[in-house]
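Each ligand, and each atom within it, is numbered from 1 in the order the structure gives.
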Amino acid sequence: MTQTPHPQFASAQDGTRIAYALHGDPASRRRIALVHSLAMDHTFWDSVVAHLGTDVAVAAIDARGHGRSGRPAGPYRVETFADDLAAVLDALGWERAAVGGASMGGSVALAFAIRHPGRTAGLGLFDTTAWYGASAPADWEDRGQKAVREGLASLIAFQETRWFTDEFRSAHPDVVARCKEVFLANDVPAYLETCRMLGNMDQRGGLAGIAVPTRILVGEEDYATPVAMAQALADAIAGSTLRVLPRARHLSPLEYPQDVAACLRELARG
Ligand SMILES: O=C(O)CCC(=O)CC(=O)O
């Protein structure tokens, strides 16, 4: 079991504290910056980090509104989350890094690559999208409002099957329990604002400008960001590769940590 380092803090442009954990060799020039999925935190990456080895430097952040980071009032924007990641790179003195993200974090990684191309050594996109579709603003508002009305626990049954297959849940009850624990610890107003952010996000216009090595992974049974969304990313980002993971659902860094780590190591080579 990897021991997660104590979080450190960077200051975002608006003064919000952004927490991050630094793993591996801080002196390594092979640098990786990671952003978790909705309502998770930096510990989301622990099993990937365990497969990354100690010859890379890895910064895993808590996005604003999540974990130990600040929870300013909304509205939230994916571009702000990307600039928060840039603030973490600044705090570390990193000019560039391979950037990886899962689901919400993948959307943040996309925004980072679009806004900070010179700082993006490579892009790892796991179970994610640039756009959730025309009904997304209403759908995500419904989800956030359910949390407000009935509490985050009312979403757990939905989340569990959205995150993982039945087989995975039976084989890895500890992983599922940890995800639930982190999910339930979220701040409801911040969760609502993050849901709204995802519903309103549309980054499709920026994809053609991404010119860094890009690897896209998606679970074959991902109902949250289905294979068609990953295919749309692959079609729009020149030179990207797409791999569909068999028998996986929405959280491939937890379902396939070794494969995600291999992908990130490759991106961090340059
Ligand atoms: O559950 C969904 O519909 C999507 C969840 C999602 O894509 C956001 C996330 O898990 O970060």
Side-chain angles (χ1 to χ4, degrees), residues 34-45 48 60-67 69 76-78 80-82 84-85 99-112 124-147 152-165 168-169 175-176 178-187 190-204 216-233 245 248-256 260:
L34 299 172
V35 190
H36 55 81
S37 67
L38 173 66
M40 295 292 110
D41 65 11
H42 65 274
T43 62
F44 177 82
W45 296 101
V48 172
I61 75 162
D62 288 349
R64 69 171 54 209
H66 292 73
S69 287
Y76 290 175
R77 297 180 68 238
V78 75
T80 312
F81 281 42
D84 293 345
L85 183 59
V99 175
S103 197
M104 177 199 82
S107 302
V108 174
L110 272 175
F112 185 90
L125 302 174
F126 312 118
D127 318 298
T128 193
T129 187
W131 182 57
Y132 279 98
S135 67
D139 294 346
W140 279 105
E141 182 70 24
D142 286 352
R143 189 157 342 164
Q145 291 297 348
K146 186 171 169 65
L152 286 162
S154 69
L155 290 163
I156 280 289
F158 165 80
Q159 285 299 158
E160 267 191 88
T161 55
R162 196 91 163 162
W163 287 329
F164 303 117
T165 61
F168 186 93
R169 293 204 312 282
V175 176
V176 181
R178 174 68 187 150
C179 287
K180 287 193 210 174
E181 180 189 336
V182 175
F183 184 85
L184 291 171
N186 275 270
D187 176 67
Y191 178 80
L192 172 63
E193 290 301 340
T194 312
C195 287
R196 287 177 169 155
M197 173 183 91
L198 295 176
N200 292 322
M201 173 186 75
D202 186 354
Q203 302 196 79
R204 289 174 295 169
I216 304 165
L217 301 185
V218 65
E220 108 185 289
E221 296 180 26
D222 188 343
Y223 306 127
T225 49
V227 173
M229 288 186 179
Q231 185 65 58
L233 291 174
L245 300 167
R249 212 157 268 179
H250 184 53
L251 297 183
S252 58
L254 296 169
E255 297 168 284
Y256 277 82
V260 168

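Phe164 CZ to Glu255 CD: the interatomic distance, rounded to the nearest 0.5 Å, is 6.0 Å.
Between His66 and Phe81, the ring-plane angle classifies as perpendicular under the 30° and 60° cut-offs.
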Write none if no such pair exists; otherwise list each N/O atom of ligand 1 with its protein N/O partner under 3.5 Å and the distance.
unit_1: ligand 1; atom_1: 1 (O); unit_2: Arg143; atom_2: NH1; d: 3.0
unit_1: ligand 1; atom_1: 1 (O); unit_2: Arg143; atom_2: NH2; d: 3.3
unit_1: ligand 1; atom_1: 1 (O); unit_2: Arg162; atom_2: NE; d: 2.9
unit_1: ligand 1; atom_1: 3 (O); unit_2: Arg143; atom_2: NH2; d: 2.6
unit_1: ligand 1; atom_1: 3 (O); unit_2: Arg162; atom_2: NE; d: 3.2
unit_1: ligand 1; atom_1: 3 (O); unit_2: Arg162; atom_2: NH2; d: 2.5
unit_1: ligand 1; atom_1: 7 (O); unit_2: Ser103; atom_2: OG; d: 2.6
unit_1: ligand 1; atom_1: 7 (O); unit_2: Tyr132; atom_2: OH; d: 2.5
unit_1: ligand 1; atom_1: 7 (O); unit_2: His250; atom_2: NE2; d: 3.4
unit_1: ligand 1; atom_1: 10 (O); unit_2: Ser103; atom_2: OG; d: 2.9
unit_1: ligand 1; atom_1: 10 (O); unit_2: His250; atom_2: NE2; d: 3.1
unit_1: ligand 1; atom_1: 11 (O); unit_2: Leu38; atom_2: N; d: 2.6
unit_1: ligand 1; atom_1: 11 (O); unit_2: Ser103; atom_2: OG; d: 2.9
unit_1: ligand 1; atom_1: 11 (O); unit_2: Met104; atom_2: N; d: 2.8

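At least one side-chain heavy atom of Arg169 sits under 4.5 Å from a side-chain heavy atom of Thr161.
Using a cutoff of 4.0 Å between basic side-chain nitrogens and carboxylate oxygens, Lys180 and Glu160 are scored as salt-bridged.
The two residues Ser37 and Leu251 come nearest to each other via the heavy atoms OG-CD2, 3.7 Å.
Aromatic ring centres of Tyr191 and Phe183: separated by under 6.0 Å.
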